[in-house]
Amino acid sequence: MPPISRNLTSATLATLLVAGSLAPAPLTAAPAATASDKAPVDAASWQRADPAMDRFIADLMVKMTLDEKIGQLTLLTSNWESTGPTMRDSYKEDIRAGRVGAIFNAYTAKYTRELQALAVEGTRLKIPLLFGYDVIHGHRTIFPISLGEAASWDLQAIEKAARISAIEASAEGIHWTFSPMVDIARDPRWGRISEGAGEDVYLGSLIAKARVRGYQGGDLSRPDTILATAKHFAAYGAAQAGRDYHTVDISERTMRDVYLPPFKAAADAGAATFMTAFNEYDGVPASGSHYLLTDVLRKKWGFKGFVVTDYTSINEMVPHGYAKDLKQAGEQAIRAGVDMDMQGAVFMENLAKSVAEGKVDTARIDAAVKAILEMKYRLGLFDDPYRYADAAREKATIYKPAFLEAARDVARKSIVLLKNKDNVLPLAASAKSIAVIGPLGNSKEDMIGSWSAAGDRRTRPVTLLEGLQAGAPKGTTIAYAKGASYHFDDVGKTDGFAEALALAEKSDVIIAAMGEHWNMTGEAASRTSLDLPGNQQALLEALEKTGKPVILVLMSGRPNSIEWADANVDAILEAWYPGTMGGHAIADILYGRYNPSGKLPVTFPRTVGQVPIHYDMKNTGRPIELGAPGAKYVSRYLNTPNTPLYPFGYGLSYTSFTYSPVTLDRSKIRPGEPLTASVTVTNSGPRDGEEVVQLYVRDLVGSVTRPVKELKGFQKIGLKKGETRTVRFTLTDADLAFTRQDMSWGSEPGAFKLWIGPSSAEGSEASFELTE
Ligand code: BGC
């Protein structure tokens with residue numbers, strides 16, 4: 001479940017919100033947001049050999065009893081928040097007794113200091129606690145939800161958001177975030193699609209790296225960096241029918257080609273920890289999967305960090321029908337490669353017995369303990385267990401103006417313009433009276449979406465109404481009517497319509513702020529419909545009948561089915577849940593102070609019946625194009641086109657970009673030889689703007705069938721009005737690799753097609769050949 005925030009007292013909050021004077025550590029310079037990320041990734045600092053650390057940990061482990069070791073493998077929640085059943089109310093007792101090595105859902109310098117003192121002053125070996133937390137898209141200053149950030153296609157901005165999140169979180173005592181979630185998600189019914197980077201393997205992998213770099217900052221010994229967690233390992237996004245926690249049943253090839261690469265990218269970028277998934281893979285729950293946790297992660301990828309389970313997922317191996325009782329589940333988990341048990345208390349209560357019975361090898365326990373202690377050492381906690389719990393730094397850091405400004409900027413970059421009939425946007429100076437209508441028009445709590453960590457949902461977020469009021473030209477009247485409800489049960493209600501329509505009638509422009517309540521996405525928030533919930537659709541149709549221009553600002557954490565809106569309203573902006581500064585960011589776009597540049601990281605279906613639908617599907621033996629229009633025996637629906645409403649990579653601008661045909665520097669390449677594809681892009685419209693230039697490839701014939709298109713590069717470029725630029729991409733056969741029929745990884749010689757364009761559905765085409 002998303003955290004149910006048991007907020008701090010308002011007095012504590014007020015103290016924390018006072019701006020201080022201490023400057024936080026500077027942001028690291030982010031790498032350029034260019035297409036390929038092929039430069040070798042520097043090993044993160046924690047991966048380097050450290051003989052002094054090895055000696056220290058070896059000495060410490062000699063002193064540890066089995067129970068103390070098992071304590072280090074135990075992570076419990078504090079009672080501030082919970083994301084599931086709270087198994088242990090007595091966590092403070094457990095800390096004092098050395099039965100717990102890590103705590104989550106506890107923050108603020110004061111509180112983490114208090115808990116840390118229990119460990120380092122109250123236990124025999126004084127081993128410091130590790131504090132984890134779900135810092136997903138911001139800590140106090142909240143950025144757009146992760147799916148929204150992905151829509152920016154701006155790796156530098158995404159890395160900066162993670163860096164700021166780490167600076168704020170670390171100032172409040174947190175050492176470790178349960179982020180990034182790198183699950184590929186292709187089913188918008190699944191509420192957790194909002195937490196990841198969307199449907200694409202390539203984009204998702206680059207974003208995974210950017211986020212890991214942002215959190216860990218390249219150097220874990222700095223007190224403003226925190227451990228990252230690549231989660232949920234693996235294939236959690238493939239839950240059947242989009243129902244959360246449901247069975248996953250995919251081929252090993254799909255696992256390797258689609259679901260694993262973002263995890264591999266995170267590991268390559270140095271992610272210090274991995275979290276298991278709730279789901280099974282090939283009949284084995286992920287927390288018991290030796291294949292995933294040991295064969296792939298440790299042996300194949302060389303991962304040296306530690307693996308934590310998801311919340312009580314060892315316990316869940318019993319209802320999965322994989323373990324007969326908790327004791328057996330614990331044995332299966334530790335043997336598979338789990339190091340730390342989140343909240344299940346299974347290791348705590350059973351592992352010693354399993355060791356006594358010879359069911360678990362002590363060497364495996366030692367390896368897990370060592371991996372965890374190493375991270376505590378790398379963070380500097382053995383030198384100073386309180387180094388993250390610094391009240392002065394906390395006061396000076398959270399909600400810093402520069403962080404809020406960065407949140408506004410990332411929010412602007414994440415907004416996608418889906419429709420703009422007759423350039424109704426940006427709002428004209430003649431729009432003197434503006435009606436903001438809809439349940440999301442003035443709702444603070446919704447702006448920051450789910451998994452908003454310690455973000456304040458009640459007072460801080462800037463709503464769309466507030467953003468417009470703050471940023472409107474002088475002499476503009478802006479009025480608000482809620483009009484409709486987004487609650488499922490309010491479908492037939494029309495009580496708010498009259499007020500909203502009266503306001504609409506006397507206004508020049510209607511901004512319909514509609515979408516989903518924030519907790520309709522995130523964990524345990526699956527839907528069978530993608531329609532606007534409640535009675536919003538009916539109100540939208542009534543607003544359209546007024547004949548006034550209608551601009552739909554959509555706020556939600558998943559693609560909604562908005563086919564009617566696409567056909568009938570004048571403009572549509574996808575604003576996701578845009579974060580603390582969301583209202584300002586949307587107003588910046590509506591008033592043209594920022595020219596929209598976001599592109600969809602996920603396909604928008606016309607209807608839920610098309611799901612799963614993603615741009616890199618297979619062609620089938622009967623592609624629709626093979627038949628005459630309306631032909632029956634081809635792969636299609638009787639009642640809906642195969643095409644989505646908006647394709648992956650799609651997004652408009654207030655200017656327009658013209659693409660030249662693609663040129664290739666050669667038509668054949670041998671393995672290892674580079675191919676350069678170029679295109680000239682011109683800003684042919686009325687204003688400066690940014691464009692995400694995208695490169696797609698198709699392998700025409702393979703030893704196994706290949707997707708119709710795969711993203712292999714992108715560059716986000718800024719072009720002044722009238723400016724032209726040549727954009728070049730370089731590919732080698734390594735970019736064309738996949739899991740071949742014999743399950744080996746590599747490319748295959750043959751013919752390829754290549755496109756460069758503004759989305760996955762457009763672009764000019766070229767062909768080349770990969771020879772032996
Ligand atoms: C979620 C994880 C999260 C954990 C801790 C679980 O319910 O699946 O993503 O990190 O709770 O809050």
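We count ligands from 1, going down the list as the structure has it; atoms in each ligand are counted the same way.
Ring geometry for Phe233 versus Phe274: interplanar angle over 60°, hence perpendicular rather than tilted (30 to 60°).
Ligand 1 places these atoms under 4.0 Å from at least one heavy atom of Asp134: 3 (C), 5 (C), 10 (O), 12 (O). Heavy-atom contacts of Phe104 reach the following atoms of ligand 1: 5 (C), 12 (O) (cutoff under 4.0 Å).
Counting heavy-atom neighbours within 6.0 Å of Arg364 CZ, excluding the residue itself, gives a total above 12. More than 12 heavy atoms of other shown residues, nucleotides or ligands fall within 6.0 angstrom of atom NZ in Lys327.
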Could you go step by step and tell me if Tyr236 and Arg192 meet the side chain to side chain donor-acceptor pair (under 3.5 Å) rule?
CA-CA 9 Å; Tyr236 184 32; Arg192 302 199 80 170; 3.1 Å; yes
Are Arg527 and Asp187 close enough, and set up right, to give a salt bridge (Lys or Arg N to Asp or Glu O under 4.0 Å), and what steps lead you there?
CA-CA 10 Å; Arg527 295 185 62 196; Asp187 191 331; over 6 Å; no
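Comment: Arg163 does not engage Glu159 in a salt bridge, judged by the lack of any side-chain N to carboxylate O separation of less than 4.0 angstrom. Note on Glu68 versus Arg99: no salt bridge recorded, every NZ/NE/NH1/NH2 to OD/OE distance being 4.0 Å or above.
Looking at Asn105 next to ligand 1, no N or O pair under 3.5 Å apart turns up. For ligand 1, the polar-atom distance check finds an N/O of Lys231 within less than 3.5 Å of one of the ligand's N/O atoms. Among the atoms of Trp451, none of the N or O lies under 3.5 angstrom from an N or O of ligand 1.
When Asp310, Leu75, Asp183 are ranked by how near their heavy atoms come to atom 8 (O) of ligand 1, first place goes to Asp310.
The closest approach between any non-hydrogen atom of His232 and ligand 1 is below 4.0 Å.
Residue-level proximity to ligand 1 for Met181 is absent, since no heavy atom of it falls below 4.0 angstrom. Under 4.0 angstrom from ligand 1, the non-hydrogen atoms of Arg192 all belong to its side chain.
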